[in-house]
Amino acid sequence: MRELDIDLRPGDEPIALAAAFYARPPLVVARALLGQLLVHDVGGARRVGRIVETEAYVGPRDLACHSAKGRTPRTEVMFGPPGRAYVYLIYGMHWCLNVVTGAGSAVLIRALEPVAGLADDARTDGPGRLTRAMAIDRAHNARSLLEPPLWIAFGARRSPIARGPRIGIDYAGAWAAKPYRFWVRDSEWVSR
DNA sequence: GGGACGATGTAT
DNA sequence: TACATCGTCCCT
């Protein structure tokens, strides 16, 4: 197990981000999530990772966004209140965690810096890897991220933000080139 | 009912 | 560069 980081000392209880944090444009939330702490209280233990890479999916007009297909049973959660999880299965194997920002938009969590409660060999660089390390799956879809067991808390960031095109959406035409991916510039935990 | 395909990850 | 693996969407 890794030691707790400087902004999460033993005995300190993390402070959850409020609903208002998520009720902003997805590009703003994607940036603001960098440095925050993803927390999962599971099996009597707490797993914590610092968010170091995100992507914004800005709504139905964004051809890379699942809500571009319209309101379906899968995308319905993205049209609901901000601050809930949108979790889906990709390539039949990997779970991806998104934070709903409302009006059909969401932010994909792409990489974490391990902070606490994760196995030393657990990998958190990549959307599919981090859900495995954090024990996140379909059971968390549409659940609130404002309180335990799966929630996001205030964290700290020490490095500038970089941005560039999103990964794996070449089918999305002009939307593929838009710089909607954000990462902590000097983090060694960013994917790829 | 069937088929194409994917916001990925790992092995070859 | 191949491919594992299955839910979702769309067409027949």
Side-chain angles (χ1 to χ4, degrees), chain A residues 22 24-34 36 38 40 47 49-80 82-114 118-143 145 150 152 161-184 187-192:
Chain A
Y22 305 100
R24 297 182 288 171
L27 289 168
V28 172
V29 175
R31 283 182 79 105
L33 278 171
L34 296 178
Q36 315 292 359
L38 179 65
H40 193 191
R47 305 184 191 195
R50 186 185 314 282
I51 297 168
V52 297
E53 182 182 354
T54 60
E55 283 178 355
Y57 289 83
V58 303
R61 71 185 187 285
D62 176 2
L63 295 183
C65 186
H66 290 167
S67 66
K69 302 284 188 189
R71 274 203 194 217
T72 68
R74 179 171 71 149
T75 63
E76 184 62 27
V77 62
M78 279 198 278
F79 292 90
R84 303 220 282 224
Y86 167 44
V87 181
Y88 69 91
L89 183 67
I90 188 64
Y91 298 112
M93 279 165 286
H94 311 292
W95 297 104
C96 289
L97 171 67
N98 298 252
V99 178
V100 170
T101 47
S105 68
V107 174
L108 172 67
I109 309 298
R110 284 194 59 90
L112 303 173
E113 170 191 341
L118 296 166
D120 289 338
D121 61 352
R123 296 196 57 179
T124 52
D125 54 326
R129 290 186 183 131
L130 77 87
T131 53
R132 184 155 61 101
M134 293 288 288
I136 295 165
D137 62 22
R138 82 168 82 218
H140 301 96
N141 187 45
R143 299 279 299 273
L145 294 169
L150 181 63
I152 299 176
I161 292 171
R163 68 185 294 182
R166 295 170 293 183
I167 304 296
I169 53 154
D170 291 347
Y171 61 87
W175 289 89
K178 294 183 182 295
Y180 289 177
R181 175 178 173 239
F182 300 86
W183 65 93
V184 174
S187 174
E188 64 176 292
W189 302 100
V190 170
S191 68
R192 302 216 138 187

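Within every chain, numbering begins at 1; the chains are lettered A, B, ... in the order of the sequence lines, protein sequences first and strands thereafter.
- Of all nucleotides present, only dG2(B) satisfies the Watson-Crick or G-U wobble test against dC10(C), with each distance under 3.5 Å.
- One can place CE of Met93(A) at 13 Å from P of dA7(B), the figure rounded to the nearest angstrom.
- Residue Arg74(A) places its side chain closer to dC9(C) than to any other of dG7(C), dC9(C), dG6(B).
- Of the candidates dT8(C), dG9(B), dG7(C), the closest approach to any side-chain atom of Arg129(A) belongs to dG9(B).
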Apply the test side chain to side chain contact (heavy atoms under 4.5 Å, CB included) to residues Leu112(A) and Val52(A): give CA-CA distance (whole Å), side-chain angles for both, the deciding distance (0.1 Å), then the verdict. CA-CA 5 Å; Leu112(A) 303 173; Val52(A) 297; 5.7 Å; no

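- The interatomic distance linking His94(A) (NE2) with dC3(C) (C1') rounds to 11 Å, in whole Å.
- Here dT10(B) is the nucleotide among dG6(B), dT10(B), dC9(C) with the atom lying nearest to any side-chain atom of Arg123(A).
- Looking at heavy-atom distances under 4.0 Å, Thr72(A) makes contact with sugar-phosphate atoms alone, never a base.
- For Tyr57(A) and His66(A), the gap between ring centers reaches or exceeds 6.0 Å.
- Regarding contacts with the backbone of dA7(B), every side-chain N or O of Tyr180(A) stays at 4.0 angstrom or more from both OP1 and OP2.
- A pairwise comparison of heavy atoms in Leu130(A) and Arg110(A) identifies CD2-C, 3.5 Å as the closest pair.
- For Tyr91(A), counting side-chain heavy atoms from C-beta on, the closest listed nucleotide (dA7(B), dG7(C), dT8(B)) is dT8(B).
- Counting any heavy atom pair closer than 4.0 Å across all strands shown, Leu108(A) reaches a base atom.
- OP1 or OP2 of dT8(C) has not a single side-chain nitrogen or oxygen of His66(A) nearer than 4.0 Å.
- Heavy atoms of Arg166(A) sit nowhere under 4.0 angstrom from any nucleic acid atom.
- A side-chain N or O of Glu53(A) and one of Ser191(A) form a donor-acceptor pair less than 3.5 Å apart.
- Look at Arg132(A) and you'll find a side-chain N or O under 4.0 angstrom from OP1 or OP2 of dT10(B).
- As rounded to whole Å, 16 Å separates atom C1' of dC9(C) from atom CD of Glu76(A).
- In plain terms, the two heavy atoms of Pro165(A) and Ala176(A) that are nearest each other are CB-O, 3.6 Å.
- Across all strands shown, Arg181(A) has no heavy atoms under 4.0 Å from either base or sugar-phosphate atoms.
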